[in-house]
2 protein chains.
Amino acid sequence: MSIGEVSELTGLSAHTLRFYEQEGLFVEAVRRNSAGRRLFTEQEVGWLRVCAKLRSSGMSLPDIRRYAELAREGQGTEAERFEILRRHEAKVTRQMADLQEALDVIKGKVALYAEHLAAGSADSLWRDGPTCPSTVPAGRQD
Amino acid sequence: MSIGEVSELTGLSAHTLRFYEQEGLFVEAVRRNSAGRRLFTEQEVGWLRVCAKLRSSGMSLPDIRRYAELAREGQGTEAERFEILRRHEAKVTRQMADLQEALDVIKGKVALYAEHLAAGSADSLWRDGPTCPSTVPAGRQD
DNA sequence: CTACGAGTTAGAGCCGACTCGAGGTCAAAC
DNA sequence: GTTTGACCTCGAGTCGGCTCTAACTCGTAG
């Protein structure tokens, strides 16, 4: 497969694929054809898809590289690879919890605004005009 | 409250607080004492905590600034503030889904390794020595 | 034959959000 | 009266991960 095809299949730009090769993210050296163009295997596409997930969940390139290095070395490195994965799993789980916390705050504010806006539009049914300055309650609304 | 106290309370560094002021993230101009030092109110601490959540969930500084500007303008801007919040809520929800997808992939691999390692250690009970080269099965394990 | 499209390299540039450093002011403690 | 520590401003530096550019090489189609 050419770099363009792999780019299509993985959603990673050709630039990024070359960059990843340079960064040592591939498990095996990328093969080339007679003209020096990269040739990718299905297996590499699979690996790149995994890489994409690791990246999108915040694993750093050095960590992915380390993992790839271990996979390259093969047998005997499983324990460390496992460790890397478990650490990342924990990290992502934390991330999700943080995000959920933020989401709760945001939802709280959204609900507040929804209420406020509903009340506002109810108001404008009673009074006349949108610029009517109503009594502003104690706390500023931000 | 001094910048140091607010830093404590919000978890944002003093550098970051000054930076945020400069970036126009505060709803009102930050007050100063006679010596030119910043004085913060409880309200501002509350807002900064919200900012921290917005940031940690990936809202950009320009978006937070916009929101703060609208809050500063006060009445009549609620609808747009609401919109900003709803858009961000949707974004965070998407983020969580993506993260969950990545987490599923990672968990799948973790499970695979757990299995593999359990089998490996079972092997080493039967054979003698850790470097014994067993028959490598078809697919490379990465 | 030449134009096109898809690839190649090395290296520079970009972006957001901090983060840090230098050099200075001020108030209170010793 | 000087030392400490917390603060100030301004501007530069950092970081990761791309992203883009320029100049070049191929192989094929018209």
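Quantities reported herein were computed from a predicted structural model and do not represent experimental measurements. Letters A, B, ... mirror the listed sequences (proteins, then strands); counts begin at 1.
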Notebook entry, point to check: How does each nucleotide of nucleotides 3-8 of chain D score, in 5' to 3' order, for protein heavy atoms under 4.0 Å: base (B), sugar-phosphate only (S), or none (-)?
Noted result: ---BSS
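The side chain to side chain contact (heavy atoms under 4.5 Å, CB included) test applied to B:Val92 returns A:Leu99, A:Leu103, A:Ile106, B:Ser57, B:His88, B:Gln95, B:Met96, not counting sequence neighbours. By the side chain to side chain contact (heavy atoms under 4.5 Å, CB included) test, B:Ala14 pairs with B:Ile3, B:Arg18, sequence neighbours left out. Every residue two or more places apart in sequence or in another chain was checked for a salt bridge (Lys or Arg N to Asp or Glu O under 4.0 Å) with B:Glu8, and none qualifies. Annotation: side chain to side chain contact (heavy atoms under 4.5 Å, CB included) contacts of A:Asp98 (sequence neighbours excluded): none. Under the rule for a salt bridge (Lys or Arg N to Asp or Glu O under 4.0 Å), B:Arg94 has no partner lying at least two apart in sequence or in another chain. With sequence neighbours excluded, the residues that form a side chain to side chain contact (heavy atoms under 4.5 Å, CB included) with A:Ser13 are A:His15, A:Thr16. Residues forming a ring pair (Phe, Tyr, Trp, His ring centres under 6.0 Å) with B:Phe40 (at least two apart in sequence, or on another chain): B:Phe26.
Between chain B and DNA chain C, the heavy-atom contact criterion of under 4.0 Å yields a 5' to 3' nucleotide range of C:dA17 to C:dC26.
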Can you check nucleotides 13-20 of chain D for protein contacts, nitrogen or oxygen pairs under 3.5 Å, and list what you find?
{"from": "D:dG17", "atom 1": "OP1", "to": "A:Arg55", "atom 2": "NH1", "distance (Å)": "3.2"}
{"from": "D:dG17", "atom 1": "OP2", "to": "A:Leu61", "atom 2": "N", "distance (Å)": "3.4"}
{"from": "D:dC18", "atom 1": "OP2", "to": "A:Tyr20", "atom 2": "OH", "distance (Å)": "2.8"}
{"from": "D:dC18", "atom 1": "OP2", "to": "A:Arg55", "atom 2": "NE", "distance (Å)": "2.8"}

Considering only distance and modelled atom types, tabulate donor-acceptor pairs under 3.5 Å from the side chains of residues 58-65 of chain A, sequence neighbours left out.
{"from": "A:Ser60", "atom 1": "OG", "to": "A:Asp63", "atom 2": "N", "distance (Å)": "3.2"}
{"from": "A:Arg65", "atom 1": "NH1", "to": "A:Glu23", "atom 2": "O", "distance (Å)": "2.6"}

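For residues 100-116 of chain A, the salt bridge (Lys or Arg N to Asp or Glu O under 4.0 Å) pairs, not counting sequence neighbours, are A:Glu101-B:Lys53, A:Lys109-A:Asp142.
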Checklist line | Verdict with reasoning, A:Trp47 to A:Tyr67, per ring pair (Phe, Tyr, Trp, His ring centres under 6.0 Å) | finding: CA-CA 11 Å; A:Trp47 167 238; A:Tyr67 184 85; 5.8 Å; yes
